[in-house]
Amino acid sequence: MIDTHAHLDALDDPGAAVERARDVGVTRILTVGTDLDGCRRALELSDAHEGVFAILGIHPHEAAAAPSGAVQEVCRLQSHPKAVAVGEIGLDYYRDYAPGEAQRHLFDAQLAMAAEIERPVVIHSRAADDDTLAALAGFPGAVVLHCFSSPRLLSPALERGWYVSFAGNATFPRATDLRLAATQVPADRILAETDSPYLAPQPLRGRSNEPAYVMHTLAALAEARGEDPAELEAHIERNATECFGLS
């Protein structure tokens, strides 16, 4: 199994978490940088652990604080052999930690960079559906909707052939809309993630999330879709391998 989105640098002991993941069959983890320091740390962790790869980008919360030349530096870091995508990037009007104009400018710049170097993009979108769709309208590469939480984005995502990734919040009792959305995603476009240390799945809610717990999300998605977990796991593995160009 693969955890397609984790913030290993935010865990107390990333190495121990990687080992616990392996113990339950999670053999590949994509760890995410959200600012320049986080991107460098993600690469360090990918170098230190077999099966760990890095997604590198500047999060929309960092749009106001990102230094001049940040996108160029992310582009340089993308040359690392274990860097596999640009992300998580996008728009967040819910928290509003950065002005919308700054977020949109940063998002557009990173999309242009990703298109130039032919990398997939991992998208954060919260309370920004229309602007997210508009920004991505001309993007030529693979798109992953990370931690899918907006059913309104599902139809355009499927029309455009994007990947849809579900996190631990899909296991919450009241998240019936997310589980319904999961039933509508084609087998060749579904992904699963933890977004650890956030959003621990229902059986472990209240605890710090970690990559091993993606198995709970897998089980909930398989139940909702009426599939065998092993079959869904195989689909997710193939999808992630294709999307991120993994070996």
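Just so it is clear, the model here is predicted, and its values are computed rather than measured.
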From L154 atom CG to Q184 atom CD, the distance as rounded to the nearest 0.5 Å: 5.5 Å

Note, E50 side chain near R22 side chain (heavy atom, < 4.5 Å): yes

Distance in Å, R126 CZ paired with T132 OG1, rounded so as to fall on 0.5 Å steps: 13.0 Å

Candidate pair D195 and H7, rule side-chain hydrogen bond (donor to acceptor under 3.5 Å, both in side chains), full reasoning: CA-CA 6 Å; D195 200 18; H7 298 272; 3.1 Å; yes

salt_bridge(E73, R76) N-O dist < 4.0 Å: yes

Flag side-chain contact, heavy atom, 4.5 Å: E62 against Y97: no

Nearest heavy-atom neighbours spanning L11 and P211: CD1-CD, 4.2 Å

Derivation of the side chain to side chain contact (heavy atoms under 4.5 Å, CB included) call for N169 and L178: CA-CA 8 Å; N169 54 336; L178 298 186; 3.7 Å; yes

Same cluster (ILVMFWY, side-chain, under 4.5 Å), M1 and L204: no

Closest contact, heavy atoms only, T171 versus T217: CG2-CA, 3.9 Å

Side-chain donor or acceptor of Q103 paired with backbone N/O of A98 under 3.5 Å: yes

V122 reachable from Y198 in the ILVMFWY side-chain graph, under 4.5 Å edges: no

Pairwise side-chain contact, R119 with Q78, heavy-atom cut-off 4.5 Å (strictly under): yes

Residue pair D188, Y163: steps toward the side-chain hydrogen bond (donor to acceptor under 3.5 Å, both in side chains) verdict: CA-CA 8 Å; D188 65 350; Y163 293 91; over 6 Å; no

Enclosure of D228 CG (heavy-atom neighbours >12, cutoff 6.0 Å): yes

Donor-acceptor contact below 3.5 Å, side chain T4 vs main chain A192: yes

Within 45° cone and under 6.0 Å: R28 NZ/CZ vs F53 ring: no

Flag side-chain contact, heavy atom, 4.5 Å: L145 against S150: no

Value rounded to 0.5 Å, distance of NE2 in H216 from CG in L218: 10.5 Å

Donor-acceptor contact below 3.5 Å, side chain S165 vs main chain C147: no

Closest non-hydrogen atom pair, A135 against F107: CB-CE2, 3.5 Å

I2 and T27: CA distance, side-chain angles, deciding distance, side chain to side chain contact (heavy atoms under 4.5 Å, CB included) verdict: CA-CA 6 Å; I2 183 169; T27 58; over 6 Å; no

All side chain to side chain contact (heavy atoms under 4.5 Å, CB included) counterparts of C75, not counting sequence neighbours: M113, I117

Donor-acceptor contact present, side-chain R160 to main-chain L133, <3.5 Å: yes

E210 vs S196, side-chain hydrogen bond (donor to acceptor under 3.5 Å, both in side chains): CA-CA, chis, key distance, verdict: CA-CA 5 Å; E210 59 180 76; S196 51; over 6 Å; no

Salt bridge (Lys or Arg N to Asp or Glu O under 4.0 Å) partners for D130, two or more places apart: R152

Non-hydrogen side-chain atoms of P120 and V86 separated by less than 4.5 Å: no

Plane angle bin for F148 and F166 - parallel if under 30°, tilted between 30 and 60°, otherwise perpendicular: perpendicular

Cluster check V164, I236: I/L/V/M/F/W/Y, side chain < 4.5 angstrom: yes

Any side-chain heavy-atom pair of D9 and P14 under 4.5 Å: no

NZ/NE/NH1/NH2 to OD/OE distance under 4.0 Å, R179 and E223: no

Stepwise side chain to side chain contact (heavy atoms under 4.5 Å, CB included) check, S125 with L153: CA-CA 10 Å; S125 181; L153 286 177; 4.1 Å; yes

Point-to-point distance, once rounded to the nearest 0.5 Å, from CG of L91 to CG of D131: 6.0 Å

Flag, side chain of T34 to backbone of I58, donor-acceptor distance under 3.5 Å: no

Salt-bridge present (D47, K82; N to O < 4.0 Å): no

Salt bridge present between R95 and D92 (N-O < 4.0 angstrom): no

Nearest heavy atoms of L36 and P67, plus distance in Å: CD1-CG, 3.9 Å

Any donor-acceptor pair under 3.5 Å from R225 side chain to V185 backbone: yes

Residues H5 and E88: side-chain donor-acceptor under 3.5 angstrom: yes

Check against salt bridge (charged side-chain N to carboxylate O under 4.0 Å, His left out), E44 and R41: CA-CA 5 Å; E44 290 173 2; R41 179 63 174 147; 3.4 Å; yes

Nearest heavy atoms of L43 and A83, plus distance in Å: CD2-CB, 4.3 Å

E193 side chain vs H146 backbone, donor-acceptor pair below 3.5 Å: no

Euclidean distance, D35 CG relative to D37 CG, rounded to 0.5 Å: 5.5 Å

V121 vs W162, side chain to side chain contact (heavy atoms under 4.5 Å, CB included): CA-CA, chis, key distance, verdict: CA-CA 10 Å; V121 290; W162 296 348; over 6 Å; no

Cluster check L180, L191: I/L/V/M/F/W/Y, side chain < 4.5 angstrom: no

Whether H61 and H59 hold their rings parallel, tilted or perpendicular, with breakpoints at 30° and 60°: tilted

Joint hydrophobic cluster, I190 plus L199, side-chain heavy atoms closer than 4.5 Å: no

Check: T194 main-chain N/O paired with D3 side-chain donor or acceptor under 3.5 Å: yes

Nearest atoms (heavy-atom pairs only) where Y213 meets P201: O-CG, 3.7 Å

Beyond-backbone contact of H80 with S46, side-chain heavy atoms, under 4.5 angstrom: yes

Note, I89 side chain near L111 side chain (heavy atom, < 4.5 Å): yes

Sidechain-backbone polar pair: N239 side chain, A187 backbone, donor-acceptor under 3.5 Å: yes

